[in-house]
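So that the names make sense, note that chain A is the first sequence line, chain B the second, and so on, each numbered from 1.
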Amino acid sequence: MKQDVFMLGGQEFQSRFILGSGKYNVELIQAAVENAGAQIITLAVRRANSMGEGNIMDFIPEGVTLLPNTSGARNAEEAVRIARLSRELGCGNFVKIEIMRDSKYLLPDNQETVKAADLLTREGFVVLPYMYPDLNTARDLVNAGAAAVMPLAAPIGSNKGLATREFIKILIDEIELPVIVDAGIGRPSQACEVMEMGAAAVMANTAIATAGNIPQMASAFRKAIEAGREAYLSGLGRVRERGGEASSPLTGFLRD
Amino acid sequence: MKINGVQKEYSEGLTVSEMLIKEGFQKERVAVELNEEIVPKDDYETIVLRVADVVEVVSFMGGGSK
C-alpha cells in the first residue's frame with residue numbers, strides 16, 4: 001500500500017485525527033494524544049492566569065502541531081484579534097476560525113467566517129474555518145485562501161453524530177480542499193462513516209472528554225478513523241438494491 | 001490601568017516586562033495586547049505603561065470548540 005499522507009497548510013501529517021484539548025484534565029492530554037495518534041491538537045486563547053496553575057503547554061508532547069481556535073469571537077474583527085494573539089504566543093501560524101453569535105446551538109456565523117478567512121490568509125495564517133456545511137460558503141472560503149473547510153456534523157459538544165451527512169457529502173464532492181469534519185461527532189462509528197465518505201480528517205473533543213475512559217476512547221477513535229480512511233481508499237463494495245448474490249458457489253454437489 | 005479587566009493602581013513608568021513579573025505571569029507563556037495592539041516580546045523591556053492603558057495578557061488553555 002502506498003503511503004497515505006495528509007497535506008495541510010503545506011505540512012505533511014500521517015494522522016487524520018485532530019484532537020481537541022478542552023473539557024478534560026491537562027494531565028490526561030499526553031495519554032490522549034498518544035492513544036489518538038494525533039499530530040494536531042486544538043487550543044483556545046484566554047486571559048492568562050497568574051496563579052501559577054499548570055500551563056497546558058507543559059502537557060502537550062513535543063512535535064504536535066498546535067491549532068489555536070478563535071473561540072469567543074463574535075465577529076471577524078474579534079477572530080482576527082484572537083488569531084494574532086495566538087500567533088504571538090509563538091506556536092506557528094495555523095488558526096481555526098470559530099465565530100459564533102448564537103450561544104444556544106453554538107452555530108458558526110458563515111458570513112463573518114468568510115470575512116475573517118480573507119483577512120487572516122492575507123496575514124499569512126494557515127486558515128482552517130469551522131463552518132456550517134453550506135456549499136456557497138465553502139466556495140467563498142476556497143476563494144479566500146483557506147487551507148481546508150471544517151463543516152460541523154452536529155452542534156458542538158452534542159455528541160449527536162452526523163446530522164448534516166448529506167451536506168457534508170456535497171462539500172466532499174464539490175470542494176477541492178480537505179474537508180475536516182468537526183463538532184458533534186460522538187462515536188467512533190460516526191468518525192469512521194465520515195472517513196468512508198471521503199472526509200480528509202475528523203476533529204473530536206467532547207466525544208473523548210466525556211467518555212468513561214479518555215485515553216481508551218482516543219484509541220477507539222484512532223482505529224475508527226484509520227478504518228474509515230482505508231475503506232475509502234480501497235473503494236467500498238457496491239450496494240445491491242434488490243435480491244442477494246452468493247459469495248460462495250451455489251452449484252450443488254451433494255445432489256448431483 | 002486595567003489588566004485583564006481588573007483596575008490596577010500601578011504608577012506610571014512601569015514597563016510591560018515589570019508588569020508581567022509583578023502580576024506573576026510567565027513571560028514565555030503569554031502574549032500581551034496594549035490598547036488592542038499586540039506588544040512584540042522584544043518590546044517588553046522598552047514599552048512603558050500609562051495609567052489609562054488597557055492591557056490584556058493571554059495564554060493557551062484547553063479547547064476544542066467554543
Using the rule given for side-chain contact (heavy atoms from CB on, under 4.5 Å), can you reason through Ile38(B) versus Arg87(A), listing the C-alpha separation, both sets of side-chain angles and the distance that settles it, and then say yes or no?
CA-CA 10 Å; Ile38(B) 296 219; Arg87(A) 184 157 63 179; over 6 Å; no
Of the listed Arg47(A), Met57(A), Arg84(A), the one with the largest count of heavy-atom pairs under 4.5 Å with chain B is Arg47(A)
Applying a strict 4.5 Å limit to non-hydrogen atoms, the region of Ser86(A) in contact with chain B is both
Handout entry: Any donor-acceptor N/O pair, Arg46(A) side chain to Met61(B) backbone, under 3.5 Å
Key = no
May I ask you to check whether over 12 heavy atoms, not counting those of Tyr10(B), lie within 6.0 Å of atom OH? yes
- Query: Is any side-chain heavy atom of Phe60(B) closer than 4.5 Å to a side-chain heavy atom of Cys91(A)?
  - Reply: yes
With sequence neighbours left out, the residues meeting side chain to side chain contact (heavy atoms under 4.5 Å, CB included) with Gln11(A) are Phe13(A), Thr65(A), Phe94(A)
Counting only heavy atoms from other residues, nucleotides and ligands, does the tally under 6.0 Å from CD of Glu28(B) exceed 12? yes
Smallest heavy-atom separation, Ala44(A) atom then Gly62(B) atom, equals CB-O, 4.0 Å
Scanning both residues in full, the closest heavy-atom pair of Ala48(A) with Val30(B) reads CB-CG1, 3.8 Å
Salt bridge between Glu33(B) and Arg81(A), side-chain N to carboxylate O under 4.0 Å? yes
Does atom CD of Gln111(A) have more than 12 heavy-atom neighbours from other groups under 6.0 Å away? no
To the nearest 0.5 Å, atom CG of Leu89(A) lies from atom CZ of Arg29(B) at 10.0 Å
Correct closest heavy-atom pair for Phe25(B) and Asn49(A) would be CE2-C, 4.0 Å
| Hey, is CD on Glu123(A) packed in by over 12 heavy atoms from elsewhere, all under 6.0 Å? | yes
Contacts under 3.5 angstrom, residues 28-35 of chain A side chains, donor-acceptor by atom type, not counting sequence neighbours:
unit_1	atom_1	unit_2	atom_2	d
Gln30(A)	NE2	Glu34(A)	OE2	3.0
Asn35(A)	ND2	Ala31(A)	O	2.7

Around Arg187(A), counting heavy atoms of other residues, nucleotides and ligands shown, do more than 12 lie under 6.0 Å from its CZ?
no
